Amino acid sequence: MDDANDFFSSNDAEIFLGLNAQQAQAVSVIDGPLMILAGPGSGKTRVITHRIAYMLQQGVPAERILALTFTNKAANELGHRIQRLVPGQFVWAGTFHRFCSRLLRQYGTFVGLSDNFSILDMDDATKLFSQVWDEAKVQDDFVSTAAVQSEISNAKNALIRPEDYRARVGNPAGKVVEKIYPLYQKKLVQCNSVDFDDLLLWTAIILQENEELRERLDERFAYIMVDEYQDTNLAQYAIVRSLSNDYPNLAVTGDPDQSIYGWRGANIGNILGFERDYPNVQVVRLEQNYRSTQKILGVADRLIANNRLRKPKRLIATQEVGQPVRMKSSSSPQDEALWISSEIKNLISEGVWEPKDFAIFYRANWLSRNLEHELTAAGIPYQLVNGFEFYQRKEIKDLIAYLRLIVNPKNDVAFERVVNSPARKIGKVTLDRLHDMARASGASLLEVCQNALQQPSSLGRAASSIQKFVAQIQQLQTVPWNNVRKVLESVLEVTSYAKILEADQTEMSSERLGNIDELLTAAAEFDKQHPEDGGLEAYLETAALVSDTDKLDGDVNHVKMMTMHAAKGLEFPCVYIVGVEEGILPHERSSKSEKDVEEERRLFFVGITRAQKELTLCHCEGRMRRGTFAMCPPSSFLMEVLGPELERVRPSEYKKSFGHWQNESRSGFRPPKPTERDWVEDECGGSSFDIADYEDNDDRLSNGSLTKGNESAAPKVSRNQAPDPSRGPARGIRESATSFSNRISTAAEMFEDQDLATELGEKASATSDGHEQPAFCVGGLVQHPEYGPGKIVALSGSPAKPYISVYFFSVGPKKFRADFCDLRVISNPRN
DNA sequence: AAGTTGGAAGTTTTT
DNA sequence: CTTCCAACTT
């Protein structure tokens, strides 16, 4: 460090200020290949920013620097920090996928894509894939679409093109992939679309096949930095290599111990083999951890030491010893959630921490349910970072699909999504016919429609609907693309999308209108933030490539909940990791091979090392699975981690935490009783119980009989059956309260007067020849061809979708669409 | 055409 | 306990 300061001019002082020796070394090496092995919390982002600042200061033009990150969030933060350090300089930083998307907009013609291509998200790609699957009439009953789709994804990530794919022996999906992969890829190109994997695949192919272009881009991006290099796959590796051949000023940062995307084709060998790929590489190790307490690091260290496929690496603590890492056992996820929420509530009210200091991690998104419920009940604000967010909702996908179709008329997936949304009476039959025509002519669905309208008879009854739809799209194509919000408003107006929802007047449609409002606001915000580089195409690219993690706002004072995958790169003072159970953390589907288990262990390692001050590892004795309560043994990882830093949460604390709930009367909830098991432990356990118990009882742990039979679960089961106010009513009773009460009273009436039935029957036969049909009225009597006579109980719905509820003598209550049903009015109440 | 219902099936992680 | 899909209803 001192040497470094002597060597560099005084201008450098600011850039090197406060860096340790290794960090300074990593910053100062800007020419030639460099590998930065950065443990968790070692100031990696800082090194990257300062290194870029140093390059700029050394006269490297900003446009020749390329920073590739894993998430948009990381890229944005990088950009932000560079701006702070070197104001006024613009360095391109973004994800691989975004970078590739930009290249393909320019050079996609090499592989048959025009510059307005669409990026399909997972949903759309799957939709297109199953169409191809259906068309190919796959006979094999033994492979699933999902297996084949994921095998194709693997092939793409491994840079295997459709024509080169050969089934490997022992791979049941292989033969089907051989057949489907080329068809799927052909269809994608026909639709002028790419899936996520294609962004990488096509870019790699273009760079491989166009030496002149490769040289130009290699020179253009003379300085490249790749973050999270341990998570790059073969395609990404190939792209990076192509761009750093003549100008091998490539710096990669990463940590083999944090490689958690092997299932997506990430090859940990890329970072382990970096020294082999690039001769004369300089290696810098950042081993000082500035984030976590010594105890937390001790636990992390002991865990990861169990991995065999790794380079041993130290984590040197610089923080205080800290509080013990806690291990908490609960009888059920409900109890676990209640315990966590009440503890967080107490810590907040005591002023120890703020909501935003807490994070709760889990292996899979569904594990957040109970937590959400209890945090809501406790009034703790939280933010969920999960997979089913804004852009997944139907109305949002519909509107985005309109935009995609406007930009790329060949996008058949978008066409299918919107052609009957809002409802235009264009159904399966019509769509099948359009598909046949498209297959025959090789044209896109929209083109087929346009052509067929020359002879409307070929479209049958749907011709006029299609005519209208095509006219709407054509009208929308004339709207200028520079203002996204205006385009969206035009879509809403031209298609009457919002108007139809407004007319519906149900709870769901008003929620959808709210979401649409939110989308309009977001679009306006995008327009504002991108006055130069915005517009419809840029917006669609952003919409396709944003992830939910990117939206995470650390400034908002909320508890954060997310998967451990999403937690990568983040840090929080207090961390809870839930569901540390065998079958969940190592996940049962990742327990086949040692390699898989090691990746699970790295995932746990990532979770643990996010914690700065306090860490609690939680597991349940059992949980509901497939409708029944099942026992859950604690994760084998927990046993690997046992040691002096670890402390079991003692039942006395458990009781104390619940005291709060017991004093508060909440309707609908019973204060949970400490389970029998907790009491037993309280008596015979003691402070030294925990570690010894786990170490000496492998057999008990492995067969999950640590609990004392089912007694401890009993109170939970009843809690489980209590109605859950956060979810809607179960199917089957999903009727409005009014119509339900109506039905009860009517039923009572009906049963009092049994003779009414015969009377009604007689009246019905008397009026059976067709008179003018009077309007339906509540209380009126009607005749149904199958069910016989009945009484009108309620009228509901909207003018567009009127419903009628009838109580029949023969079969009880029934509900029909009033404009479709075959009901004859016998009498009205006032007659 | 479109909504409702019953039965079978299934629970990873994400650019 | 949920979610998806095919069959059935109007």
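As a basis for the values below, the full set of heavy atoms in this structure was taken, side chains included, without hydrogen atoms, waters or symmetry mates. Just so you know, these numbers come straight off a predicted model, no measurement behind them.
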B/dT12 OP1/OP2 closer than 4.0 Å to side-chain N/O of A/T563: no
Given B/dT13, B/dA1, B/dA2, the nucleotide with the shortest approach to the side chain of A/V429: B/dA1
A/K560 to A/F572 six-membered ring, cation-pi geometry met (6.0 Å, 45°): no
Closest to the A/M122 side chain, choosing from B/dT12, B/dT13, B/dT15: B/dT15
Atom-pair distance (OH on A/Y261; C1' on B/dT15), nearest Å: 8 Å
Sugar-phosphate only, base, or nothing, as touched by A/S101 at under 4.0 Å among non-hydrogen atoms: nothing
Sugar-phosphate, base or nothing in reach of A/A423, heavy atoms under 4.0 Å: sugar-phosphate
A/R105 and A/E537 ion-paired at < 4.0 Å: no
Side chain A/H97 and base B/dT15 donor-acceptor under 3.5 Å: yes
Aro-ring/base stack A/W263-B/dT13, d under 5.5 Å, angle under 30°: yes
Proximity to the side chain of A/R589 - top-ranked nucleotide from B/dA1, B/dT12, B/dT15: B/dT12
Sugar-phosphate only, base, or nothing, as touched by A/F96 at under 4.0 Å among non-hydrogen atoms: nothing
Sugar-phosphate, base or nothing in reach of A/S590, heavy atoms under 4.0 Å: base
Sugar-phosphate, base or nothing in reach of A/N420, heavy atoms under 4.0 Å: sugar-phosphate
Minimum-distance nucleotide (side-chain atoms of A/H587 versus B/dT12, C/dT2, B/dT14): B/dT12
Given DNA chain B, 5'-ward residue of the pair A/R363 and A/F70, judged by closest heavy atom: A/R363
Phosphate OP1/OP2 of B/dT13 contacted by A/N365 side-chain N/O (<4.0 Å): yes
Nearest to side-chain heavy atoms of A/R264, which nucleotide of B/dT11, B/dT14, B/dA1: B/dT14
Ion pair A/R623/A/E581, N-O distance below 4.0 Å: yes
Distance test, side-chain N/O of A/T430 to OP1/OP2 of B/dA1, below 4.0 Å: yes
